[in-house]
Amino acid sequence: MGEPGKDQTGGSAVGSDRYSRQELFARIGPEGQRRLRGKHAFVLGAGALGTGNAELLVRAGVGRLTIVDRDYVEWSNLQRQQLYEEADARDRLPKAAAAQRRLQRLNGDVDVRGVVADVGPAELEELASGADVLIDATDNFDARLLLNDFAVRQRLPWVYGACVGSYGTTLTIIPGETPCLSCLLESVPLGGATCDTVGVIAPVVQMVVAYQGAAALKLLVGDSEALNRKLISFDLWSNQHTAIDVSRMKRPGCPTCGEHPTYPHLQPEQQTRTAVLCGRDTVQLRPPAGAVRRDLAELARALRRLGADVQANEFLVSFTAGSHRLVVFADGRALVHGTKDVAEARSLYHKYLG
Ligand SMILES: [Zn+2]
C-alpha cells in the first residue's frame, strides 16, 4: 500500500540524535531504544485511540507497526483522530491506508503496515501472531473479547483502552499474571460497553493514549516491573480519577484465562457475517469466506451506467441509493449507511451488487 516514506534527515536515524531525549531518559536509555527497534506493535483499530497510539510508537522508533481498520475517514473523525486531514475525509480514504501514509512520513525508519480489513480470528492469527504488544483501539466489546482470547492464548500482553464522553479507562493485561478482560467483565464497571452515541472529547482520547502508550513503551523496552497493574478510570469533565486494584479478580473458571480455557470468541461461529456498527446507523455485510475479490473499477462503471452517484478510489466504491449510501471494499465487504436493519441492508446489497 504505497511507497515507504523516505527519511528526509539524510539517512538512517541510527547514530543520529533522533531519539536522544528518549535515550537520556534513564529507564529507557540507549539499550531500551535498541530493544524498541527490534519490536513489533500491533494496533487494532485506526480511530482516535489507534491513531494516537500509532503516532506515539512510530515517533518513538518501534521497529515495526501494524495497524488494522475496517472503516474509512469521515468528517466527524477529524476532531480527534490525529493522523487524518480534510483531504482524507473528502476522498473517503480507508483509515488504515491514510494512517500508513501519514505514519511513514513521520518516521521512514519504521516498517509500517496499514491493513484495510474487518478483523476476525483468522486476521488476528495472520497479522498479530508474534507481535510484542497488542493495543486495543477498538470501539466495541466483541472486538475486545476477541483480542483478549487471542492475546491470552498466544501469551501476548495487550493494553485495553476505551473512552466515551469525558470518561476514559485503561488496563494492561499480562496473560498468566493479571486477570484478563473476561475475568473483570462481571465485577467492575468498564467503559465503552455502550454503543450510545454520547460523543467524546479529544482530551480523554489523549489521556487514554498516554496511559496505553506508556504501558506499551514499558513492555517494549523490557521494563514490565514499572507497569501500572491497576484499572485506571477518569472523567476529565467532572475531575475524577480512580485506580482499582484488580489483582485478586482473576477467576479460576474464566473461559479465557481459567483452568479450562475454551476461548469462546475465537470459535468460528462467533464470526458473524453481518453486524450493526457500534453507535452508527450502519450495517456491515461480509461476503462468505473464499468469495472472489471485486473489480472496483468495473463496479464503479456499472453503477454509473445505472445513474448512481458514485465516488471511487483504489480501495472502495461509494454510491447513494435513495436515502442510503453503500460502500463496497475490494474484498466484497460492504457498509450500508442509513439503516440498522440487517434485512433491509441485505436487500439493498443484492439489488445493486448481486
Ligand atoms: Zn480471565
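Because the structure is a prediction, the values reported are computed rather than measured. For the numbers below, each heavy atom of this structure counts, side chains included, while hydrogens, waters and symmetry mates do not. Indexing begins at 1, ligand by ligand and atom by atom, following the structure's order.
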Which protein N, O or S atoms sit under 2.8 Å from the Zn ion (ligand 1)? C180 SG, C183 SG, C254 SG, C257 SG

Taking the six-membered ring where the residue is Trp, are the ring centres of F319 and Y352 under 6.0 Å apart? yes

Exercise: do S318 and R325 side chains pair donor with acceptor under 3.5 Å: yes

Hey, is E55 close enough to R102 for a salt bridge, meaning N to O under 4.0 Å? no

Are D331 and R293 close enough for a salt bridge, meaning some N to O gap below 4.0 Å? no

Mind checking side-chain contact (heavy atoms from CB on, under 4.5 Å) for T262 and listing every partner two or more places apart, or none if nothing turns up? P255, P264

Assess R333 against F329: is NZ or CZ under 6.0 Å from the centre of the six-membered ring, and within 45 degrees of the ring's axis? yes

